[in-house]
There are 2 protein chains.
Amino acid sequence: MTQVHREQHAEGERTPFDEIERSLMQISWLAQRQFMQLLDDERFRLTVPQFYTLLHLEPLTEACKMSDLAEATHQSAASLTGVVDRLDEKQLIERVRDAKDRRQVMVAVTTYGRELVAEIKQARREQMQMALAHLAETEIEALMLLLDRVLAGMARTLERAEGGRLA
Amino acid sequence: MTQVHREQHAEGERTPFDEIERSLMQISWLAQRQFMQLLDDERFRLTVPQFYTLLHLEPLTEACKMSDLAEATHQSAASLTGVVDRLDEKQLIERVRDAKDRRQVMVAVTTYGRELVAEIKQARREQMQMALAHLAETEIEALMLLLDRVLAGMARTLERAEGGRLA
DNA sequence: CTAGATAATCAACAACATTTAGTATATCAC
DNA sequence: GTGATATACTAAATGTTGTTGATTATCTAG
């Protein structure tokens with residue numbers, strides 16, 4: 001196992017807050033990493049940008065303009081074209097030129113695309129459950145309490161910041 | 001602004017739970033994206049894997065073996081070599097061969113590396129505060145309450161899964 | 001000393017995302 | 001129609017990460 005040596009130096013003051021902040025960051029990294037691996041599964045073969053682009057399209061009844069999609073997913077238009085190309089190859093989305101403004105390309109998720117998103121969500125749910133399966137019920141409860149307190153602390157921080165700015 | 005058309009189709013049943021799940025996923029994507037952009041700032045010029053590798057080293061008093069670092073950050077050894085190369089170029093870490101086992105390369109964060117991590121954390125905190133600055137105090141409170149309930153719901157899901165498996 | 005295991009790196013390559021700049025097409029104002 | 005603008009795509013170049021398999025150096029067991 002990896003040995004961990006924590007610092008206690010007097011100047012620099014490593015506070016519990018710092019520890020928690022670091023833990024949250026590390027958890028975020030690991031979760032992201034785990035999700036990446038899930039998406040890379042042979043059933044899906046998606047990358048993270050591809051999935052989130054698809055996810056944005058999935059609930060829409062109507063097709064979405066490329067430019068709107070780029071804005072919504074915070075990707076540049078040129079970058080999005082590549083991502084949408086790859087989704088198109090996999091037949092997860094369809095490109096249709098708008099009848100009214102023939103410059104525009106409207107993108108819509110296909111039925112297969114919707115199915116895949118559903119599968120991925122299901123797999124992710126199972127993955128999360130498995131990730132916590134080794135914890136005892138009491139440990140999960142404790143974890144939840146702690147997370148609640150983290151959120152409460154974040155709320156307080158935000159209130160203070162807000163108060164300071166609006167005073 | 002992007003027009004959003006939500007689906008109400010009878011089969012398929014779009015539940016509020018689905019909506020929230022999607023929102024959480026989208027928030028996670030946007031947060032990740034925002035963080036990426038922050039790390040790309042001229043002050044830092046880091047990538048996400050580079051930052052989290054550095055983050056893992058930052059609290060350690062002693063240097064860390066490459067293999068342990070790879071395991072901890074969930075990267076392959078070969079992949080990590082490249083990441084550490086780039087951190088080394090930026091003088092954020094130092095490589096030292098272990099005296100006892102000269103095969104091993106020990107990696108340690110430099111003072112400059114620690115400073116940069118601190119700067120990034122600070123910037124991130126400010127970024128988060130700015131992201132929520134446009135919310136009224138009552139809205140933030142409401143948001144926090146809702147997040148609490150999301151977490152509680154997650155806990156229940158986990159308990160059920162746990163109960164089913166252990167029954 | 002030798003054989004084999006171990007640690008890290010290297011080499012070669014593929015995939016993806018990203019940027020910049022340029023292009024084709026279509027729309028709109030006049 | 002003409003010129004300006006808008007929309008999406010393309011091309012080319014870059015950087016990072018990732019994989020696989022070989023390689024180098026080192027240690028350890030016998």
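Per chain, numbering begins at 1; letters A, B, ... match sequence-line order.
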Original post:
Of all heavy-atom pairs between Leu54(B) and Leu87(B), which one has the smallest distance, and what is that distance?
Top reply: N-CD1, 4.3 Å
Subject >> Euclidean distance, atom CG of residue Asp68(B) to atom P of dT6(C) [Å, nearest integer] >> reply: 15 Å
Subject >> Salt-bridge contact Arg43(A)-Asp41(A) (side-chain N to carboxylate O under 4.0 Å) >> reply: yes
Original post:
Given atom NZ of Lys65(A) and atom C1' of dT27(C), what is their separation to the nearest angstrom?
Top reply: 12 Å
Original post:
When all nucleic acid strands are considered with a 4.0 Å heavy-atom cut-off, which category describes Ala78(A): base, sugar-phosphate, or nothing?
Top reply: base
Subject >> Residue-phosphate contact under 4.0 Å: Thr47(B) side-chain N/O, dT16(D) OP1/OP2 >> reply: no
**OP:** Please report, rounded to the nearest Å, how far the C1' atom of dA8(C) is from the CD atom of Gln75(B).
**Re:** 15 Å
**OP:** Starting from P on dA8(D), measure out to CG on Asp85(A) and report it in whole angstrom.
**Re:** 14 Å
Subject >> Non-hydrogen side-chain atoms of Met66(A) and Thr81(A) separated by less than 4.5 Å >> reply: yes
**OP:** Take the protein atom CD of Gln104(A) and the nucleotide atom P of dT5(D), then report the distance between them rounded to whole Å.
**Re:** 19 Å
**OP:** Please find out if less than 6.0 Å separates the ring center of Phe44(A) from that of Phe51(A).
**Re:** no
Subject >> Nearest-nucleotide comparison on DNA chain D, the residue closer to the 5′ end among Thr81(A) and Met36(A) >> reply: Thr81(A)
Subject >> Closest listed nucleotide, where the reference is the side chain of Gln50(A) and the choices are dT18(C), dT9(C), dA17(C) >> reply: dA17(C)
Original post:
Is Asp101(A) salt-bridged to Lys65(A), going by a charged N under 4.0 Å from an acidic O?
Top reply: no
**OP:** Provide, to the nearest angstrom, the distance between the CG atom belonging to Asp101(A) and the P atom belonging to dA29(C).
**Re:** 12 Å
Original post:
Is it true that the side chains of Thr53(A) and Gln75(A) contain a donor and an acceptor less than 3.5 Å apart?
Top reply: yes
Original post:
Does any residue of residues 92-100 of chain B have a heavy atom under 4.0 Å from DNA chain C, and if so, which ones, in number order?
Top reply: Arg95(B)
Subject >> Spacing of Arg103(A) atom CZ relative to dT5(D) atom P, expressed in whole Å >> reply: 13 Å
Original post:
From dT17(D), dA26(C), dT18(C), pick the nucleotide closest to the side chain of Arg102(A)?
Top reply: dA26(C)
Original post:
Rounded to whole angstrom units, what separation is found between the CZ atom of Phe51(B) and the P atom of dT17(D)?
Top reply: 14 Å
Subject >> Smallest separation among heavy atoms of Leu69(B) and Cys64(B), with atom names >> reply: N-SG, 3.9 Å
Subject >> Ser67(A) side-chain proximity, nearest of dA8(D), dT18(C), dT20(D) >> reply: dA8(D)
